[in-house]
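Have a look at the structure below before the remarks.
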Amino acid sequence: MTTATQNKNIIARILNINTSGEKGGRDLPLWRQLLLQILTIAIALEVMFPIMYIITLSFSSKTTRPSALELIPKEFSLVAYQQVMDRPTANPVTFTQLLTNSFFLSFGVGLVALLVAVSAAYAFSRFKFALRQVLMVLLFIPLLMPAVGLSAPLYLLLNQFRLFDCGNGITALEPIFSCAEGVTGKLVFNLRDSLWGVGIAMVASALPFAVWNLKGYLDTIPLDLEEAAAIDGADSNQIFFRIVLPLAVPQLAVTFFLGFIGHWQEFALSWLFLTKPENYTLAMTLYNMTGQYANAIPWNRFAAMAIIVALPVAITYIALQKYITSGLTTGAVKG
Amino acid sequence: MATAKMKFRRGMDFRRAILPYLYLVPAFAVMSVITFYPLIYQVIISFTDFQTKDLRFGLASPELNFIGFKNYTDILTGGLPVQNFNFTRVLVYNFWWAITNVMVHVPAGVLIAVLLNTPGLWFKKVYRAIYILPVVIPPLVVAVVWQNIFHETNGAMNQFLTTVSQWFGATDPVRIRWLTEYTPPIPWLLPTGPLTLAYYAMMIANFWLGWPFMTVVATGALQSIPKDLYEAASIDGASGPQQFWNITVPLLRPAMIPAAVYGFITSFNLFAFVFFMTNGGPARSTEILVTFAYDLVRNLRLYGAAAAFSVFIFIVALIVFLVTNKITRATESYT
């Protein structure tokens with residue numbers, strides 16, 4: 001079965017062209033084989049076109065775009081990568097800082113969403129109860145209305161939580177306390193303008209997706225084991241922690257990684273909420289390179305940055321490909 | 001199976017009756033704070049003229065006015081202080097965009113999966129590995145890369161067309177203004193607003209992004225179709241196309257409908273892609289609901305109007321959700 005080997009490293013697969021285990025062209029007339037090969041190669045070229053374009057750009061030592069089409073790197077200069085690592089933005093922020101911010105956000109959001117979602121997914125998958133359908137619709141609506149749709153109220157709400165330094169060693173936390181009348185405090189911390197605030201806002205969209213993804217998988221686990229355990233006198237909590245959770249470990253990992261890679265590239269909320277350069281993420285930096293100053297884009301650095309942002313996502317996705325796609329489809333296919 | 005289930009449920013007492021709700025507590029506690037409360041807050045500020053000056057005090061702002069349904073009527077009648085905005089046009093375009101994308105992605109994905117499934121085709125695994133690449137690259141990177149491909153003077157697309165036209169004896173370089181030209185190539189196509197060249201450029205780019213996922217799903221479903229069905233059909237004298245329409249298509253349907261719904265929702269809310277590629281331009285002709293909501297908050301800072309707009313998105317999302325839920329039955333119980 002091909003799916004068994006699908007999880008193998010992509011590079012290994014490309015190198016081992018003849019390990020497919022399928023005898024080439026035995027029951028296919030040669031002219032048809034060649035015709036189909038032309039088609040598949042054309043499709044492969046279509047797929048590779050933008051990828052080769054950006055890879056070629058990233059290995060260039062010039063900041064300008066070539067005036068003619070180049071899809072195969074003529075030079076292998078790592079200048080762009082080096083520059084991006086040394087000085088990713090015009091602000092004095094190190095690459096490590098940006099990487100840490102991106103990692104903190106995506107890791108935190110993925111983990112929190114997973115921990116909160118798992119018991120809800122279990123309840124929706126295994127119990128029948130009043131209001132079940134209503135609660136489920138309530139929970140799933142944000143899936144269709146992405147966080148951007150909630151961005152205005154989230155912005156305003158998070159913006160209210162601020163720490164002020166009122167002088168004389170007094171610190172006030174708005175909206176609960178504020179500085180004395182007539183004293184204008186110095187703003188120390190604004191929840192909205194911090195990675196924590198953005199993380200909270202992101203969980204709002206990550207959580208329903210995690211519930212949906214986990215429920216779909218739990219639905220495919222046969223009830224037999226749980227029934228046997230129930231007959232042996234296990235209560236629901238024991239069944240949940242001792243039987244269902246261990247069985248769901250692969251999908252828990254996939255859900256976490258989907259949350260992780262989904263928010264690794266997130267930039268809309270971060271761009272809206274964050275103003276301080278030291279809080280920027282890699283995705284925001286990439287946008288910053290192409291946004292306003294469109295005529296002065298350092299193309300090779302931009303391409304290098306694009307590849308740096310894309311690579312972790314691509315590797316994770318390919319490694320977990322089999323589980324991710326089956327998770328996404330079992331979420332909906334049944335009955 | 002049925003009797004075991006009955007036994008499993010027989011011990012239903014009060015503790016068991018409240019158990020599902022206990023499992024739901026964490027998710028709903030978090031969602032009350034970061035989703036439901038903001039939603040209510042959203043509805044409240046949608047009736048006000050909330051602006052930047054009110055940020056400091058939130059709803060307690062002394063300058064805040066309740067203006068009734070003015071934000072809503074402004075959106076519907078185009079009374080917002082925003083250029084080139086027409087709600088019906090954005091709404092119709094948004095649906096058109098999502099539907100046309102899915103209509104292209106699903107058949108292309110299925111056909112390519114069938115092509116790859118041809119017995120005896122050489123290098124199958126290599127092609128499978130290459131064809132998955134668009135799925136694994138973050139939309140953020142994809143959109144920025146394609147935006148550059150469609151650049152007027154230096155973009156790869158015009159360079160490619162120039163090269164091709166030179167084979168046919170043309171000397172002038174091709175200079176199509178893919179993302180900025182406003183004149184629609186097919187003026188009668190969507191009566192509510194022009195489909196600019198940018199729409200077609202985005203269709204091309206999103207085609208590249210969209211079909212591989214459908215191929216992955218279709219490949220999985222194809223491999224579960226029993227081979228004997230085809231053998232029996234060919235013994236009965238059914239031709240290749242007859243086998244495709246009478247065996248492959250009906251048996252793929254259960255897997256492809258949820259995938260199509262998923263694709264529809266993804267395209268409908270394709271924020272990062274649209275935002276990066278055209279930012280809704282030219283003249284808001286490729287604006288979708290979420291990008292416009294984002295623009296209202298981030299650039300125009302009309303929080304009241306943005307909230308009212310998000311309430312509209314919420315209603316649209318709810319309708320879409322209820323319709324698609326009928327199709328995929330995602331919220332149905334497993335037990």
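Proteins get letters first, then strands, A, B, ... in listed order; numbering begins at 1 in each. No experiment lies behind these values; they were computed from the predicted model shown.
For the residue pair B:Q159 and A:Y53, no side-chain donor N or O sits within less than 3.5 Å of a side-chain acceptor on the partner.
A:F129 and B:Y21 have perpendicular rings, their planes meeting at more than 60° on a 0 to 90° scale where under 30° would count as parallel. Classified by interplanar angle (parallel below 30°, tilted 30° to 60°, perpendicular above 60°), the ring pair A:F273/A:Y155 is perpendicular. Ring planes of B:F213 and B:Y262: tilted class, angle from 30 to 60°. Classified by interplanar angle (parallel below 30°, tilted 30° to 60°, perpendicular above 60°), the ring pair A:Y122/A:F127 is perpendicular.
Rounding to the nearest 0.5 angstrom, the gap separating the OH atom in B:Y303 from the OG atom in B:S46 is 16.0 Å. Going from atom CE of A:M52 over to atom CD1 of A:I55 covers 5.5 Å, rounded to the nearest 0.5 Å.
Neither the backbone nor the side chain of A:I315 comes within contact range of chain B, judged by heavy atoms closer than 4.5 Å. Both the backbone and the side chain of A:I43 come within contact range of chain B, each with at least one heavy atom under 4.5 Å from a heavy atom of that chain. The parts of A:V203 that come within reach of chain B are both its backbone and its side chain, each placing non-hydrogen atoms under 4.5 angstrom from that chain. For chain B, the nearby parts of A:A130 are the backbone and the side chain; heavy atoms of each come within less than 4.5 Å. Contact annotation for A:I41: both backbone and side-chain heavy atoms come within less than 4.5 Å of a heavy atom of chain B. Residue A:L311: no heavy atom, backbone or side chain, is found under 4.5 Å from chain B.
Note: A:L138 leads A:V112, A:L138, A:V211, A:L39 in heavy-atom pairs under 4.5 Å with chain B. When each of B:T162, B:V135, B:V142, B:L289 is checked for heavy-atom pairs under 4.5 Å with chain A, B:V135 comes out on top. Chosen from B:I137, B:V33, B:I149, B:I257, the residue pairing most often with chain A at heavy-atom distances under 4.5 Å is B:I149. Note on B:P26, B:A205, B:P38: by heavy-atom pairs under 4.5 Å with chain A, the leading option is B:P38. Of the listed residues (A:V309, A:I200, A:L135, A:L158), the one with the most heavy-atom contacts under 4.5 Å to chain B is A:L135. With chain B as the partner, the residue from A:F267, A:F49, A:F240 showing the most heavy-atom pairs under 4.5 Å is A:F267.
Considering only residues two or more places apart in sequence or on other chains, B:V164 meets the side-chain contact (heavy atoms from CB on, under 4.5 Å) condition with B:F160, B:W167, B:F168.
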